2 protein chains.
Amino acid sequence: MNDTDDLAPTGRRGATRLKILEAAYDLFSAHGVTLVGVDTISARSGVAKMTLYHHFRAKENLVLAYLDLRAKRWTVGWLKAGVKARGKTPRERLLAIFDLFHDWFEADGFEGCPFLRIICESDVGSPVHKATAQKLGQIQNYVGQLARSALVSDPQGLASAWMMLMEGAIMSARSGQTDAALKAKKAAAVLLDAWGNKGAKKAAKAVRKPAAKRKPTR
Amino acid sequence: MNDTDDLAPTGRRGATRLKILEAAYDLFSAHGVTLVGVDTISARSGVAKMTLYHHFRAKENLVLAYLDLRAKRWTVGWLKAGVKARGKTPRERLLAIFDLFHDWFEADGFEGCPFLRIICESDVGSPVHKATAQKLGQIQNYVGQLARSALVSDPQGLASAWMMLMEGAIMSARSGQTDAALKAKKAAAVLLDAWGNKGAKKAAKAVRKPAAKRKPTR
DNA sequence: GTAATAATAGACCGACCTGTATAAAGTCGC
DNA sequence: GCGACTTTATACAGGTCGGTCTATTATTAC
C-alpha cells in the first residue's frame, strides 16, 4: 500500500513486493522502462497483475521505486564500492571509475545506462525525469567529493567535466565503441592533472598539508 | 516508391514526399521517433496515411530518411556551418562547437539530441541503431579532421574524447544543467592544450611546416 | 478527352498498453 | 477453527500502435 516502503521483506506482503521489484529491476535495466509492460513484469515475477497494482498504484510508482533500487545497487553497491576497492588515494579512485566502466562495457548484456535512457525518453519536468536527474546528481556529488578529497581546485568544475566524460563514454559504448572507457580515462587523467596544477598555482592554501605526495607539476 | 530518393521535389510525388518528411522532421526532432505515431505525421503533414505508406513502406524507412535529413540539416547545415563561421583556425573551430552547443541548450524547445535518444531507445544491431551510430561517427570524423588540421598528436584520440564531452554535455543539459556547454568547453580547452603539447614533444615531424603560428606550449 | 498515375478519407485488423472489476482461493494470527 | 488479510485468475474497458483495404476523387500527360 505504501510505495515508499523500505524493502524489508517482513511477512508475505513484503516478500511479494520484493518479487515484483526484483523482476522490474531486471526487465527495466535490460530493456528500459517504456518498452517493458506491466504484464511482462507480472509474468516474470510470478505475481498476479492485480497484486502488482495493489502494491504500486501505477506503473510510474513502480518506476520510481526502481530508480531508488537502481541507485542503491548500481551507484552505491557497484560504483562506489568498486571505486573504493580499486583505488587507494582520491585520485586513483577518480580514475578507477573508468576502469569499472571498461569492465561494464565489455560485459555481455551491456545495455547502456538506464538513467541516461530515461533522461532521453521521459518528458522534461515529469516526476520520473526529475527523480532520474536527481540520481545522476547524486553521482556527480560523489565525484565532487572525490575531487575535493583530491585537493584539486574547483572540485565542482572537475566533477562536471568528469560526469560528462562518464556520460559520453556510456553513450559511445552504446554506439559500439567498446574501448570508450579507456579513451575517456586518458582524457580524464589530463583533466585531473590540469585541475591539480591549477590548484597548486592558484590555491596555495591547499598545500598546507603535505598533500600526500603530489607530483611537482611536470 | 523508392525510399532512397533524393528529395528533389520534381512533380507531385516529390512534393508530397517532402511534405511527409518535413512533418516527420519536426515531430521526430521534438518528441523522438518511438513516441510519434504514423497517424500524427499524417495529420501534421496533411497527407493521407495511405499516401505516406505509398512513399515509405514502413515507419522504419521513414525514420531512416529522417536520419539522413537530420544529418544534412543539423550536422552539416548547422554544426559544420556554424563552426566555420565562428572560428578561423582549427583550434578556434574545435572550441566553437561548445559555443554553438551553448546557444542550442539555451534555445527554448531544446529537446536533446535525437541521435543520442535513438541510440538509447533502439535495439543494438537494428537498422535504425546502425544508421544512427553511423551519423554519430560522421560527426566524430569531422572532429577528427579539425583535430588533424590543428596539428595535434593523435587526432583520433582527441576526437574520441571531444565527442564524449559533446555527448556528455548534451546529456547533462537534458538533465537540467543549462551551463553544461560552458563547463565542457573549459575541459575541452584543457584537453586541446595537452594534446597540442604532447604533439610538440613526441611528434616533431608535425612541425616541418611553420604550423600556422602555434603557441609555444603553455 | 482519355487513360494512367497519385492522393484521398475512413473503416478496419490484430496486437499491445495501462488500469479495473469480480469472484474465488490461499494464508495467517489468534 | 474462525476471521481478516492477501493473492489469484480471468475477463474487460478504453486507448494507441503500425499497417492494410476499398472505393472515390484529383491531377497530369498525350
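As the structure is a computational prediction, the values presented were derived from the model and not from experiment. Here is the naming used below: chain letters follow the sequence lines, and residue numbers restart at 1 for every chain.
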Rounded to whole Å, CG of B:Leu52 lies from P of C:dT8 at a distance of 10 Å
Rounded to whole Å, CD1 of B:Ile20 lies from C1' of C:dA7 at a distance of 10 Å
**Message:** Whether the side chain of B:Lys49 and the base of D:dG19 hold a donor-acceptor pair under 3.5 Å is what I'd like checked.
**Reply:** yes
Which of D:dT20, C:dA7, D:dG19 is nearest the side chain of B:Thr16? It is C:dA7
All heavy atoms of B:Phe110 vs all of B:Arg174, minimum pair found to be CE2-N, 4.0 Å
Here the distance between atom P of D:dG18 and atom OH of B:Tyr53, to the nearest Å, is 6 Å
Separation of C:dT18 atom P from A:His54 atom NE2, nearest Å, is 20 Å
note: A:Leu35, atom CG; C:dT18, atom C1'; distance rounded to Å ~ 15 Å
Q) Is the distance from OP1 or OP2 of C:dA6 to the nearest side-chain N or O of B:Thr51 less than 4.0 Å? A) no
message = I'd like to know if A:Arg73 and A:Glu22 make a salt bridge, using a cut-off of under 4.0 Å between side-chain N and carboxylate O.
response = yes
note: B:Asp39, atom CG; C:dA9, atom C1'; distance rounded to Å ~ 13 Å
Among D:dA9, C:dA7, C:dT18, the one nearest any side-chain atom of A:Met50 is D:dA9
- prompt: Is the centre of the A:Phe98 ring less than 6.0 Å from the centre of the A:Trp104 ring?
  reply: no
Taken to the nearest whole Å, NE2/B:His55 to P/C:dT8 is 8 Å
Sorted by position of nearest nucleotide on DNA chain C, 5' first, the leading residue of A:Val38 and B:Gly46 is B:Gly46
A:Arg86 with A:Asp99: basic N within carboxylate O range, under 4.0 Å: no
Rounded to whole Å, the CD-P distance (B:Glu60 to D:dC17) equals 18 Å
